[in-house]
Colleague: 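Once you've had a glance at the structure underneath, I'll fire off some questions.
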Amino acid sequence: MEVLHEEMPFDLDFHPSSPLVVTSLITGELFLFRYGPESQPERLFSVKAHKESCRAVRFVDSGKVILSGSADCSVLASDVETGKAIARLEDAHENGINRLICLTETTIATGDDEGCIKVWDTRERSCCNTFHVHEDYISDMTYAADSNQILATSGDGTLSVNNLRRNKVKSQSEFSEDELLSLVVMKNGKKVVCGTPSGALLLYSWGYFKDCSDRFLGHTQSVDTMLKLDEETLISGASDGVISLVGILPNRIIQPLAEHSEYPIEALAFSNDKKYLGSLSHDKMLKLWDLQELLNGPQVVNGGEPAASGSDDSDDDGNDDGMDVDMAPTSSKGSRSKKAGKGQSSSRPASDFFADL
């Protein structure tokens with residue numbers, strides 16, 4: 001199943017219970033589609049949600065509301081039935097919003113172009129946490145629920161661990177040679193895997209984030225997005241348009257699953273029942289793949305041995321609880337300078353925004 005957009009889509013998300021998928025476009029528009037096994041996706045609505053590009057989109061409130069983040073620095077809540085705006089938080093960040101993720105039923109996190117991360121609590125109806133740790137755009141974020149921490153990657157080449165309970169940065173890695181573009185937490189919380197422009201996957205052991213413990217060179221192109229399939233395997237989307245199944249410890253490309261196009265993969269997402277894998281690319285196409293059919297395809301191993309340091313033994317790093325991080329954040333050593341006062345927001349507009357929700 002596929003849908004061609006008139007302009008390039010940036011992000012997608014599946015509804016938590018219904019066969020609906022939403023996409024956000026470079027034009028600031030939101031598109032909502034209904035999909036089914038017997039027909040092409042049906043467009044339910046398209047709305048002009050933002051003045052500038054809409055880079056991130058998520059369903060919240062059990063799928064009743066669509067939240068979107070934009071380069072115009074705003075966060076918008078839209079009604080899933082009509083597409084109409086429910087509430088808008090102007091100037092949520094001082095710079096364009098690049099990422100938006102759901103943490104719990106009542107909290108979300110946003111990351112911007114200058115490395116600022118904010119956490120919004122709908123119960124308190126305000127911005128409850130702000131982390132100024134990165135010196136470049138936030139490329140990806142994920143939530144570690146067990147330890148109540150946000151892990152973030154950035155264009156500055158570092159990985160950060162941000163503790164929500166204490167409102168402090170627990171740890172930050174050393175600057176890598178590459179930007180860090182994507183991340184997933186694997187091996188029951190013991191490993192954090194990051195994608196890079198060179199195609200290398202950097203593996204960090206939980207609690208030892210200063211430097212990567214493994215480096216897997218299986219991809220030949222930039223790994224722009226990743227999805228965790230299970231504790232042993234992930235699905236990667238690369239800049240050559242190829243979607244691959246990747247094993248972690250032992251590290252190997254298990255098989256190429258599909259080729260979306262010859263253009264970079266912009267985003268990947270699972271449907272709520274994991275029956276479908278959604279992909280977006282620079283060809284302006286949304287494609288919905290039958291996940292089981294992809295996984296049952298020919299088992300083609302893309303050459304190459306596991307990385308020298310990539311062994312099962314590195315799973316056990318002596319930090320069984322996986323909660324505590326053993327170092328303070330590293331000092332800023334990069335060439336980029338962080339601007340002072342980034343990302344401060346008034347609690348008043350945030351209050352109004354979440355009160356409307």
Side-chain angles (χ1 to χ4, degrees), residues 1-5 8-14 21-24 33 35 37 40-41 55-57 99 101 139-140 142 153 178-186 193-203 216-304 306:
M1 293 185 287
E2 58 188 40
V3 176
L4 179 63
H5 297 83
M8 194 178 80
F10 275 149
D11 200 11
L12 79 158
D13 194 34
F14 284 90
V21 59
V22 63
T23 57
S24 61
F33 301 95
Y35 61 90
Q40 290 297 317
R55 300 171 176 173
V57 64
R99 298 294 294 171
I101 61 169
S139 57
D140 203 2
T142 192
T153 51
D178 278 338
E179 299 175 16
L180 300 185
L181 302 178
S182 50
L183 83 154
V184 289
V185 180
M186 306 285 292
V193 184
C194 299
T196 67
S198 69
L201 296 183
L202 306 186
L203 279 67
F216 173 45
L217 305 176
H219 294 82
T220 60
Q221 300 289 328
S222 172
V223 182
D224 298 332
T225 181
M226 296 187 294
L227 281 181
K228 175 181 175 179
L229 182 62
D230 54 42
E231 297 300 333
E232 316 295 327
T233 52
L234 61 86
I235 294 176
S236 65
S239 61
D240 57 3
V242 175
I243 301 170
S244 301
L245 183 66
V246 182
I248 298 299
L249 296 176
N251 301 326
R252 64 191 184 111
I253 305 293
I254 299 173
Q255 67 181 100
L257 294 177
E259 184 176 5
H260 181 113
S261 69
E262 61 183 349
Y263 301 106
I265 303 293
E266 189 68 32
L268 296 172
F270 290 128
S271 61
N272 62 80
D273 55 3
K274 270 195 174 180
K275 184 175 182 179
Y276 295 103
L277 171 68
S279 62
L280 293 177
S281 177
H282 291 195
D283 65 352
K284 306 178 184 177
M285 193 81 74
L286 163 67
K287 292 190 178 182
L288 303 183
W289 311 85
D290 186 300
L291 183 58
Q292 203 56 50
E293 286 185 7
L294 293 182
L295 297 176
N296 290 338
Q299 295 287 320
V300 180
V301 178
N302 184 15

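Along the sequence shown, residues carry numbers from 1. What's counted below: heavy atoms across the whole structure, side chains too, no hydrogens, waters or symmetry copies.
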Colleague: Can you give me the closest heavy-atom contact between Gly278 and Leu288, atom names plus distance?
Modeller: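 Scanning both residues, the minimum pair turns out to be CA-CD2, 3.9 Å.
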
Colleague: Considering non-hydrogen atoms only, spot the tightest contact between Lys284 and Pro9 and give its length.
Modeller: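 Smallest interatomic distance, heavy atoms only, reads CA-CD, 3.6 Å.
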
Colleague: Rounded at 0.5 Å granularity, tell me how far CG in Leu286 sits from CD in Glu266.
Modeller: 13.0 Å

Colleague: Would Met186 and Glu232 count as a side-chain contact (heavy atoms from CB on, under 4.5 Å) if you check the C-alpha gap in whole Å, the side-chain angles of each, and the deciding distance to 0.1 Å?
Modeller: CA-CA 7 Å; Met186 306 285 292; Glu232 316 295 327; 5.8 Å; no

Colleague: Roughly how far, to the nearest 0.5 Å, is CD of Gln255 from CG of Leu295?
Modeller: 7.0 Å

Colleague: Quick check: closest heavy atoms across Gly195 and Met226, and the distance to 0.1 Å?
Modeller: N-CE, 3.6 Å

Colleague: Using the test side chain to side chain contact (heavy atoms under 4.5 Å, CB included), find all partners of Ser271 that sit at least two apart in sequence or belong to another chain.
Modeller: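 Ser271 satisfies side chain to side chain contact (heavy atoms under 4.5 Å, CB included) with Phe14, Tyr35, Asp273, Lys275, Tyr276 only.
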
Colleague: Listed by chain and number, what are the side-chain hydrogen bond (donor to acceptor under 3.5 Å, both in side chains) partners of Thr153, not counting sequence neighbours?
Modeller: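 Only Ser139 meet the side-chain hydrogen bond (donor to acceptor under 3.5 Å, both in side chains) criterion with Thr153.
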
Colleague: Name every donor-acceptor pair, under 3.5 Å, that has one atom in a side chain of residues 238-248 and the other anywhere in the protein, sequence neighbours excluded.
Modeller:
residue : atom : partner : partner atom : Å
Ser239  : OG   : Ser222  : N            : 3.3
Asp240  : OD1  : Val242  : N            : 3.1

Colleague: Can you name the nearest heavy-atom pair linking Ala269 to Leu12, along with the distance?
Modeller: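 Minimum heavy-atom separation between Ala269 and Leu12: CB-CG, 3.9 Å.
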
Colleague: Can you name the closest pair of heavy atoms from Gly237 and Leu268 and give their distance?
Modeller: N-CD1, 3.7 Å

Colleague: Could you tell me which residues satisfy side-chain hydrogen bond (donor to acceptor under 3.5 Å, both in side chains) with Ser279, sequence neighbours excluded, listed by chain and number?
Modeller: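 Listed in chain order: His260, Trp289.
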
Colleague: Which residues pass the side-chain hydrogen bond (donor to acceptor under 3.5 Å, both in side chains) test with Ser198, sequence neighbours left out?
Modeller: Asp178, Thr196

Colleague: In a check of side-chain contact (heavy atoms from CB on, under 4.5 Å) between Leu201 and each of Val184, Val193, Leu183, which one passes?
Modeller: Val193

Colleague: Can you tell me how far apart NZ (Lys287) and OG (Ser261) are? Round to the nearest 0.5 Å.
Modeller: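 Rounded to the nearest 0.5 Å, the NZ-OG separation comes to 6.5 Å.
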
Colleague: Listed by chain and number, what are the ring pair (Phe, Tyr, Trp, His ring centres under 6.0 Å) partners of Phe33, not counting sequence neighbours?
Modeller: His5

Colleague: Run the side chain to side chain contact (heavy atoms under 4.5 Å, CB included) test against Glu231 and tell me which residues pass, sequence neighbours left out.
Modeller: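 In terms of side chain to side chain contact (heavy atoms under 4.5 Å, CB included), with neighbours along the sequence ignored, Glu231 is linked to Asn188, Lys228.
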
Colleague: Measuring from atom CD1 of Ile235 to atom OG1 of Thr225, what distance do you get when rounded to the nearest 0.5 angstrom?
Modeller: 10.5 Å

Colleague: Does the side chain of Leu277 come within less than 4.5 Å of Leu227's, by heavy atoms?
Modeller: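 With C-beta onward as the side chain, the pair touches.
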
Colleague: What pairs with Gln292 under side-chain hydrogen bond (donor to acceptor under 3.5 Å, both in side chains), at least two apart in sequence or on another chain?
Modeller: Asn296

Colleague: For Asp13, give me all partners under side chain to side chain contact (heavy atoms under 4.5 Å, CB included), at least two apart in sequence or on another chain.
Modeller: Val22, Arg58, Phe59

Colleague: If you draw a 6.0 Å radius around OH in Tyr263, do more than 12 non-hydrogen atoms from other residues or ligands fall strictly inside?
Modeller: no

Colleague: With rounding to the nearest 0.5 angstrom, report the CG to CG distance, Asp140 to Leu180.
Modeller: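 It comes to 10.5 Å.
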
Colleague: Taking side chain to side chain contact (heavy atoms under 4.5 Å, CB included) as the test, write out the residues that go with Glu293, two or more places apart.
Modeller: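 Residues passing side chain to side chain contact (heavy atoms under 4.5 Å, CB included) with Glu293: Asp290.
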
Colleague: For Val57 and Ser24, which heavy atoms make the closest approach, and how far apart are they?
Modeller: CG1-OG, 3.9 Å

